[in-house]
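A note on names: the letters A, B, ... follow the listed sequences, proteins ahead of strands, and every chain is numbered from 1.
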Amino acid sequence: MSTPSSNTAENLDSGQIIAESPSYWSSVRSNLRNDPVTVTFALILLMLLLSAIFADFIAPLDPYKTSMIKRLKPVGTEGFLLGTDELGRDMLTRLIYGGRLSLLMGITPVVAALFFGGLLGLTAGFIGGKVNMSIMRVMDVFYAFPSVLLAIAISGALGAGIFNAIISLTIVFIPPIARVTESVTTQIRALDYVEAARASGANSLTIIRVHIISNVAGPVFVYSTSLISVSIILSSGLSFLGLGTEPPQPEWGLMLNTLRQSIYVNPYVAALPGVMIFLTSLSFNMMSDGLRSAMDIKL
Amino acid sequence: MIAYIVRRVLYVIPIALGVSVIIFGLVHIAPGDPLNAVVPPDAPKETVELLIKAYGFDKPLPVQYLIWLGKALEGDFGISYATGRTVSDAIAGGVVNTLILAVGGILIGTIMGCSIGALAGYFQGSWIDKLATGFAIAGVSVPHYWLGLVLVIIFSVELSVLPAMGMGPGGSTSWVWDVEHFKHLILPVITLSVIPIGIITRSVRATIAEILTMEFIQTLEAKGLKKGRVFIHVAMNAAPTVLAVSGLQIGYLLGGSILVETVFSWPGTGFLLNDAIFRRDIPLLQGVILVLAMFFVVLNLLVDIAQSLIDPRMNRS
Amino acid sequence: MSNTIIKVQKLKKYFPIKGGILNQTTAEVQAVDAINFAVSRGETLGIVGESGCGKSTTARLLMQLIEQDDGEIIFDGYAVGKRNGIATREMRKRMQMVFQDSYSSLNPRLPVESSIAFGPIVHGLKKRVAQKKARDLLIKVGLNPDLFSRRYPHELSGGQRQRVNIARALALDPEVLILDEAVSALDKSVEAQVLNLLMDLKEEFKLTFIFISHDLNVVHYISDRVLVMYLGQVVEIGDVNAVYSNPKHPYTRALISAMPSMNPEKRTEAVPLSGDPPNPISPPSGCRFRTRCPFSEDICALKEPALIQNDIEKRQSSACHMGDPKSGHSKNNLKGLPQ
């Protein structure tokens, strides 16, 4: 065997070296910048979010002001750009305000489920064995319900209300998030760098904090953004069934429900709240897809 | 293989028990005295006491559960005071009507999803692929209750070619093989098929694209096999995935149909659930959910077994 | 200070195999079956054997990444993880490991400097001091810290990554380094560089090496002594030159005769090894090698051969009935064997 010197020139200076190399996240950012579709939908989401937050400043009229003579005006009526609803309230105003509750009810359950489900999945995946078995078998039981059914069952038993709808959707989303977190954690726990970290004497909490979470967070986050899309549809669906918000609050699902009676009078106005739900849900899905390919995640 | 199937069948027992615990628990998460959930507030005192005895509310919780489970196993879910009938009677008709929608939806969903997905997978990167992928992502993002409304606006309100409500003429609540019933079926089934089309398209596209990159396909092509014959190999390798995805979609349709049934006033389980929710008829709610969830559990089981039978890689014994 | 730094006694690890209707344990893989050996301070012990013979399991047991079913590891005179012994955490500080897969053994989200500094920080070093140490170690393993310290694993070549892994293992100032197929995945030229680096580092830091590899040439090059494993057992151990030039166990003979040689004069006529190793779930009775051994006799199926010393001076021992004058094997005392 030949014995070349161990400190070779190859390693000490190499032509292709960049002194300050890009981190994983900066390469994700540059991937995203080169993806106009994702950027477009992210901007749409940002606009939806901002218009909901600053509804007081943007909305042209009062969302609760009813008018018996101006009921169900068609789209394009003077002073009512998107027409009026069955009680003569301005549709544009109510759609803008509606984003507040619809987004709140769509996003909150996923964020809450991300916390609880993530914790359960991390625990199950990291500890493994019997702990994993018992946590994941309980999750399996919840998996035995189609998600819409579980949401309606819990909401139906708890009764109508924003808070109850959020609770039931949180319960719906904990199992899928726990499952994804568990499977990613289990994969990562088996990698040599986790073994190496254990071999260097680190305790479990340190290993989870430094080595596991940084690698689990990406895939779980991307998965969660796609769940927000489902959550928006489901939460508005609960309101549509009368299980979420209550009149006269502006919320897209509830608006769709009350306007349903008016499809023979003014069909296009009646369909408008659904367009908002669709747009929001689509944007979250597109963003999730874009993030997934930018972050090179295979789930 | 047999050990796997037996193990899988046995696994249904703890899952089914878990499901029943959750459904039993629904009464107890309902606000107020659970008794209020099963007894109408204006019931006479003797009836109330009779019901307390019948439901075992005077006994500890685990005993109550066992009593309830025992009755549920016999098909006795209590009496729905919303309809005055026994819950099982009310459910029986509804389940069949819901299944009609779900089966119709999955048929369209699978046929369309496989065709679009296969095209997209074969012509990966082309405009067909982009169109199909866009269509699929729109399909999974669309609130289907809204889509139903839009279809009603187009075909019932504007064009007046299809009925908007119900299952058949004169408030029919059971299926008859005639043109009228068929016309009533079209809009709800199309509405319901959109999500499975989206999901099946995406998974078929991904599966086909992955199979096409495998070396055995190149070997087949290099051997000079005709395109049609190569396709048979691709299709056979994609079959287990397609089966699993569309099989599970039936279950999701059972859940999803609740909202669609509300839009079209279709007399199925969704309609019953709606009723149960508004009259706070918890026994009816429990009964419907239990039946649908058990259906889903069994469906999952069948899909797993079928998959293990047709996919040689799943031989896990 | 005793000369023996690690002593392994009757170390055993079986892995359960789940199956059947209730997913119960249906069988066990006898990965490591009651092995004994010792490592002297400052030496390099090579461990060789076919894949699946228990080499890596032995390494993980030594690091206590998995727990043994039976037996004990004595580190510098103290039993590891035992009462009155040495704590696992303390032992791990003094013994470190380099894994085969250079990529999966580095956290892809951390710059290499942070990966190297992680261990010292865990053991209480200030972050700034640990980072300084990481940069110094990068120099020691031949990587310019100005260019490499902020890089991520995917931006390095396999050889560079393995250098980082070595630096990471050295960061806790260990006395013993376990190298589990540490150079096996590298290109031949890079492998030679890393091997030479390891020898330099060994000198500089006064290290003891346990060098695990399936490559007999590499083991010959780097080791002082060599241990041959077969199906979870030690079949031969001794000074590397003695074992390579005069193997006592027929398995070792077969392995060495199968070694590619650069010298066309140096041809061996010994029988090459045929077939696959038997299933470690149900190893053959008696001597585990007998199913592939050309000299197998009745005694081999009846009695398990013990590891006995054949040559005291060369510290050479083997576990074969042919090396035991009292065994009853017709070729005992290695008579009539082709040399």
- Task: Using atom types as modelled and distance alone, determine if a side-chain donor or acceptor of R109(C) lies under 3.5 Å from a backbone N or O of N215(A).
- Result: no
Please report, to 0.1 Å, the donor-acceptor pairs under 3.5 Å made by any side chain of residues 123-133 of chain A, with sequence neighbours excluded.
from	atom 1	to	atom 2	distance (Å)
T123(A)	OG1	L119(A)	O	2.6
N132(A)	ND2	A124(A)	O	3.1
N132(A)	ND2	E182(A)	OE2	2.7

- Message: For R92(C) versus R198(A), what's the shortest heavy-atom pair and its separation?
- Response: NH1-O, 3.1 Å
Listing, residues 102-117 of chain A side-chain donor-acceptor contacts under 3.5 Å, not counting sequence neighbours, or none:
from	atom 1	to	atom 2	distance (Å)
S102(A)	OG	G98(A)	O	3.1
S102(A)	OG	E251(A)	OE2	3.1
S102(A)	OG	W252(A)	N	3.1
T108(A)	OG1	L104(A)	O	2.4

- Message: Is it the case that atom OH in Y244(C) sees more than 12 heavy atoms from other parts of the structure closer than 6.0 Å?
- Response: yes
- Part of M97(C) within contact of chain A (heavy atom distance under 4.5 Å): neither
- Item | Rounded distance (nearest 0.5 Å) linking atom OG of S27(A) with atom NE2 of H154(C) | 6.0 Å
- Message: For the CD atom on E203(C), are there more than 12 heavy atoms of other groups (residues, nucleotides or ligands in this structure) within a distance under 6.0 Å?
- Response: no
- Query: Heavy-atom distance under 4.5 Å to chain A: side chain of L172(C), backbone, both or neither?
  - Reply: side chain
For residues 111-128 of chain C, which side-chain donor-acceptor pairs fall under 3.5 Å, sequence neighbours excluded?
from	atom 1	to	atom 2	distance (Å)
E113(C)	OE1	R150(C)	NH1	3.2
H123(C)	NE2	S200(A)	O	2.8

- chain A contact via L156(C) - which portion, at a heavy-atom distance below 4.5 Å: neither
- Query: By number, which residues in residues 185-197 of chain A have some heavy atom less than 4.5 Å away from chain C?
  - Reply: L191(A), D192(A), Y193(A), E195(A), A196(A), A197(A)
- Heavy-atom pair of closest approach, residues N107(C) and V210(A): ND2-O, 3.6 Å
